[in-house]
Amino acid sequence: MEKHTVSQLKALTSDTEVTLQGWIQDIRVMKNIIFLVFRDHTGIAQLTVKRDSWKGINLESVSRESAVSATGTFLAKGVSKIGPEILLKVLTVLNPSRSPLPLAVSDPVNSDIETRLNHRFLDLRKREVNVVFQAQSKLLWGIRKFLSDNGFVEVHTPKVVAAATEGGADLFRVQYFEKETYLNQSPQLYKEILISAGLNRVFEVGPAFRAEKHNTVRHLNEFTSVDIEMAFSDHNDAMRMLEGSVRSGISEVSSSMGKELAETGHNILIPEIPFPRITYEESVKYIEGHGEKINFGDDFSPEQLKILGNQFHDFYFITKWPAVLRPFYTMPDPANSEFTNSFDLQYQEKEITSGAQRVHDPQMLVERFHSKGLREEDFSFYLESFMYGMPPHAGWGLGLERLCMILLDLPNIREATLFPRDRNRISP
RNA sequence: GCCCCGAUAGUGUAGCGGCCUAUCAUACGGGCCUGUCGAGCCCGUGACACGGGUCCAAAUCCCGUUCGGGGCGCCA
């Protein structure tokens, strides 16, 4: 007996015998006829049972969300409006579901995100929840494809590290045998070392940890960072790779999932490149022109970014950030060292990516350590790679969940994270 | 770190001093019934986070605890 998915049914001729495996979403028992709403990972079908000719198990005992195997004949001219119809011959409960369910999978009541995350596996059985992560997978696939096509090598660097990337305040401490270590907040230092290693162009997709006690809909304490670093390049090269990656990711989502997303209420627009660029100074002027007060060297508040974001359709770069706002490894602007060869990718008021040309001169790097109050001896393993012909280089780090949240217009980054880690949540 | 807010059946809610032996929906259990619908109708089970206080009277007001939501800061 050949197994089928719901999505394959419509290509079949009527009366073909099929076996489907999935879940019972709903059961409607009547005097002479029984309807079961069946769901697999591809869609919904109706299993129809005529009582007088049924010889199988007691269907009234089958609880909703039980995993089942269903065999019957496909009715091409079925009456069902919810999906393809199968005249059921055999139903096997592979594993029953308890009831009542801790949250509604198909009922017309919404659960709080709290309840949903507590029972995430059930929440994810809902198509509109599930589709987010299928889209996220395609998004990343499109980004990977673009980077790979542009000569980037995918690498994996340690997450348990001895020293902080940009200080020490916001790292999680980990006991590593008899030593105290940290969970890495960014692969930054390792990416740069790999540039000195001659890998030319590298990228990494991996977790980043931030021990910040933030409590917002756009921050997590563990998120997926897409990071690149490229040799013999500057911030402009990095920006071109970034807009190319974003566009490639989105167009992959659109071409492979556009229909499913449209059905669940998401309209995907592939952005035009190049993205507009505006400098920090221009941004300050623009925002001040709208009645907000900013001091030089201040970061923009969400309110101010909203003002700025209003003049762009979707993605835009803010470039040339003041050195005081940027980490030690950021290359100063050769024309004016108060500024840097840096950029943020924004989507309206939301920051998605931070990047820059990096300092490659070890002398300058040491000076920058000192100006940021860092001790160079904590970074000797890093600094050493700059002493033996480190190429000029640039790169960026992108928050995958944030990009996904923006793309699908989700109200909370937790909606774009399977098992989010926030200030309070460590389970499931 | 600072600041707001919340907790009522499995789920989501109404109630905000006495009319609460707490509303409604949905789920769940039972019954009737229908080829399509979020099917319908009838009946039933099921809840005030915890501890203290005020009051003749507390789901409702006050304090504390626990758990949680959100904003700012910081960032992806």
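The structure displayed is predicted, hence computed values, not measured ones. Side chains are part of it too, since the values below use all heavy atoms of this structure and drop only hydrogens, waters and symmetry mates.
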For [N] and [M], measure between their [atom1] atoms and round to the nearest Å.
| N | M | atom1 | result |
| --- | --- | --- | --- |
| B:U45 | B:C24 | P | 13 Å |
| B:G70 | B:U23 | P | 31 Å |
| B:G30 | B:G12 | P | 25 Å |
| B:C74 | B:U13 | C1' | 36 Å |
| B:A14 | B:A7 | P | 9 Å |
| B:C20 | B:A59 | P | 13 Å |
| B:U66 | B:G31 | P | 48 Å |
| B:A47 | B:U26 | C1' | 15 Å |

Quiz item: Is a side-chain N or O of A:S301 found less than 3.5 angstrom from the main chain of A:Q304, in a donor-acceptor match?
Solution: yes
State the pairing partner of [N]; accept Watson-Crick or G-U wobble contacts with both distances under 3.5 Å, and report none otherwise.
| N | answer |
| --- | --- |
| B:G12 | B:C24 |
| B:U54 | none |
| B:C32 | B:G40 |
| B:C72 | B:G1 |

Nearest to side-chain heavy atoms of [X], which nucleotide of [options]:
| X | options | result |
| --- | --- | --- |
| A:K50 | B:G35, B:G68, B:A76 | B:G35 |
| A:E212 | B:C75, B:C74, B:G1 | B:C74 |
| A:R402 | B:G71, B:C75, B:G35 | B:C75 |

Does [X] reach a base, just sugar-phosphate, or nothing at all? Heavy atoms under 4.0 Å.
| X | result |
| --- | --- |
| A:T224 | nothing |
| A:I33 | base |
| A:D26 | sugar-phosphate |
| A:V29 | base |
| A:V226 | nothing |
| A:E85 | base |
| A:S80 | base |
| A:D299 | sugar-phosphate |
| A:L400 | nothing |

What nitrogen or oxygen pairs link the protein and nucleotides 6-15 of chain B at under 3.5 Å?
from: B:G10; atom 1: O2'; to: A:L101; atom 2: O; distance (Å): 3.1
from: B:U11; atom 1: O2'; to: A:S111; atom 2: OG; distance (Å): 2.9
from: B:G12; atom 1: OP1; to: A:D112; atom 2: N; distance (Å): 2.8
from: B:G12; atom 1: OP1; to: A:T115; atom 2: OG1; distance (Å): 2.6
from: B:G12; atom 1: O4'; to: A:N110; atom 2: O; distance (Å): 3.2

Practice problem: Taking ring-ring contact (aromatic ring centres under 6.0 Å, His included) as the test, write out the residues that go with A:H4, two or more places apart. | Solution: none
Rounded to the nearest Å, what distance is computed from the [atom1] atom of residue [X] to the [atom2] atom of nucleotide [N]?
| X | N | atom1 | atom2 | result |
| --- | --- | --- | --- | --- |
| A:L87 | B:G35 | CG | C1' | 12 Å |
| A:R51 | B:G35 | CZ | P | 14 Å |
| A:L117 | B:G69 | CG | C1' | 12 Å |
| A:I24 | B:A27 | CD1 | P | 17 Å |
| A:H219 | B:G1 | NE2 | P | 16 Å |
| A:Q25 | B:A39 | CD | P | 9 Å |
| A:N184 | B:A76 | CG | P | 13 Å |
| A:L305 | B:A76 | CG | C1' | 14 Å |

With a sphere of 6.0 Å drawn around [atom1] of [X], does it hold more than 12 non-hydrogen atoms of other residues, nucleotides or ligands?
| X | atom1 | answer |
| --- | --- | --- |
| A:E272 | CD | no |
| A:I57 | CD1 | yes |
| A:R173 | CZ | no |

Quiz prompt | 5'-most by nearest nucleotide on RNA chain B - A:K213 or A:E114 | solution = A:K213
Quiz item: Given that A:R414 and A:H214 both sit by RNA chain B, which one's nearest nucleotide is further toward the 5' end?
Solution: A:R414
Practice problem: Let me know which of A:H41, A:E263, A:E260 forms a side chain to side chain donor-acceptor pair (under 3.5 Å) with A:R127. | Solution: A:E263
So does [X] get a side-chain nitrogen or oxygen closer than 4.0 Å to the phosphate oxygens (OP1/OP2) of [N]?
| X | N | answer |
| --- | --- | --- |
| A:N412 | B:G70 | yes |
| A:R210 | B:C75 | no |
| A:R64 | B:C28 | yes |

Using the six-membered ring wherever Trp is involved, compare the ring planes of [X] and [Y] and label them parallel, tilted or perpendicular (cut-offs 30° and 60°).
| X | Y | result |
| --- | --- | --- |
| A:F275 | A:F317 | tilted |
| A:W321 | A:Y280 | tilted |
| A:Y190 | A:F381 | tilted |
| A:Y382 | A:F379 | perpendicular |

Salt-bridge criterion met for [X] and [Y] (N-O under 4.0 Å):
| X | Y | value |
| --- | --- | --- |
| A:E252 | A:R144 | no |
| A:E192 | A:R358 | no |
| A:E243 | A:R277 | yes |

Quiz prompt | Base B:G70 paired with A:N215 side chain (donor-acceptor, <3.5 Å) | solution = yes
Quiz item: Quick one: what's the B/S/- string for nucleotides 41-50 of chain B, heavy-atom cutoff under 4.0 Å, read 5' to 3'?
Solution: ----------
